[in-house]
Amino acid sequence: MTPAPRKPPVGDRQDKGQDVQAMFASIAPRYDLLNRVLSLGIDRLWRREAAAEALAHSPRTLLDMATGTADFAIELATRAPGLKLTASDFVPEMLDIGRQKAGARHLDIKFEEGDALHLPYPDASFDAVTCAFGFRNFADYAAGLSEMWRVLTPGGRAVILEFPPPAQGLFGSLFRFYFRQILPRIGALVSGNADAYTYLPESVLAFPDPERLAQLMRATGFRTRYKLLTFGIAAIHVGDKR
Ligand SMILES: C[S@@+](CC[C@H](N)C(=O)[O-])C[C@H]1O[C@@H](n2cnc3c(N)ncnc32)[C@H](O)[C@@H]1O
């Protein structure tokens, strides 16, 4: 039996790229099922809302970075049939599943292997760039944002969908309990990788709060706003390159 990969460190400016790759390669076959179970299907609503923001100015070209198994790319391609959509990720096992899903739906999505921190595209290549639940895993948040900025055309839009750390208060406490005690157990059972589903809550707890992420986006140059979803479990950050 192959040993489970090492759990990646969490937070910003951490050397975690290879551990993140190995972790997603190991959970790829169960990733979609676990997403549905652990979010009780609500992730679909969050993706829909984030897609509406990304498509608001009718981009002609869009890059979905850290696309994984392509759920967000599929949402985008379904809503905007004429869109030239590139979906990129640095884990081929995740991309393979995404490619199959898009093929089964006859969606025209170009899948490409690539590191979000060193994107293989010239400056100003895309009218919109999206990243759903991938940003938290980046080894360097500022580097991720500056790559987004670089590949965007002037006037283009970046949309980040992420899990902010749970807020204070009753709902936050309940959610922390679910996150720390229940989610890792279900994740371990279904995926066979216990570390991956302790990494998930730990990486969320170590992630900057929405105001801090908005500041990082502003520091990159974006005009930015954000919206909290489902009592603040998820957040959509919109950054316009003005
Ligand atoms: C939680 S999954 C999200 C996948 C998908 N966007 C979704 O909404 O379901 C995170 C994805 O980010 C990818 N990822 C993390 N860091 C990356 C990086 N530096 N470059 C490219 N992909 C990265 C992982 O390989 C993984 O597929």
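One-based numbering along the sequence shown. When a ligand or atom number is given, it counts from 1 through the structure's own listing order. The model shown is predicted, which means the values in this text are computed figures rather than measured ones.
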Closer than 4.0 Å to some heavy atom of [X] - which atoms of ligand 1 meet that?
X: V91; result: 25 (O)
X: M94; result: 27 (O)
X: F138; result: 16 (N), 17 (C), 18 (C), 19 (N)
X: G68; result: 4 (C), 27 (O)
X: G114; result: 20 (N), 21 (C)
X: N137; result: 10 (C), 15 (C)
X: V20; result: 15 (C)

No-hydrogen, no-angle side-chain donor-acceptor test under 3.5 Å, [X] and [Y]:
X: N193; Y: Y197; value: no
X: T130; Y: D64; value: yes
X: R218; Y: Q215; value: no

Tell me whether [X] is salt-bridged to [Y], with the criterion being a basic N under 4.0 Å from an acidic carboxylate O.
X: D32; Y: R36; value: no
X: E75; Y: R47; value: no
X: E49; Y: R44; value: no
X: E202; Y: K7; value: yes
X: K16; Y: D19; value: no
X: D108; Y: K84; value: no

- Query: Are there more than 12 heavy atoms of other residues, nucleotides or ligands under 6.0 Å from atom CZ of R30?
  - Reply: no
- N/O separation below 3.5 Å, A116 to ligand 1: yes
- Query: Is there a nitrogen or oxygen of A132 sitting under 3.5 Å from a nitrogen or oxygen of ligand 1?
  - Reply: yes
- Answer yes or no for G144: is there a heavy-atom contact with ligand 1 below 4.0 Å? no
Under a 4.0 Å heavy-atom limit, does [X] contact ligand 1 with its side chain, its backbone, both, or neither?
X: D64; value: neither
X: R47; value: side chain
X: D71; value: neither

Which protein heavy atom lies closest to [atom], and at what distance to 0.1 Å?
atom: atom 14 (N) of ligand 1; value: F90 CE2, 3.5 Å
atom: atom 19 (N) of ligand 1; value: D115 OD1, 2.9 Å
atom: atom 13 (C) of ligand 1; value: D89 OD2, 3.2 Å
atom: atom 5 (C) of ligand 1; value: T67 O, 3.2 Å

Run down the list [options] and name the one with the heavy atom closest to [atom].
atom: atom 4 (C) of ligand 1; options: G134, A66, G98; value: A66
atom: atom 9 (O) of ligand 1; options: F24, W46, Y31; value: Y31
atom: atom 10 (C) of ligand 1; options: F135, F133, F72; value: F133

- Query: Residues in side chain to side chain contact (heavy atoms under 4.5 Å, CB included) with A206, at least two apart?
  - Reply: V10
- Side-chain donor/acceptor of R136 to backbone N/O of E162, under 3.5 Å: no
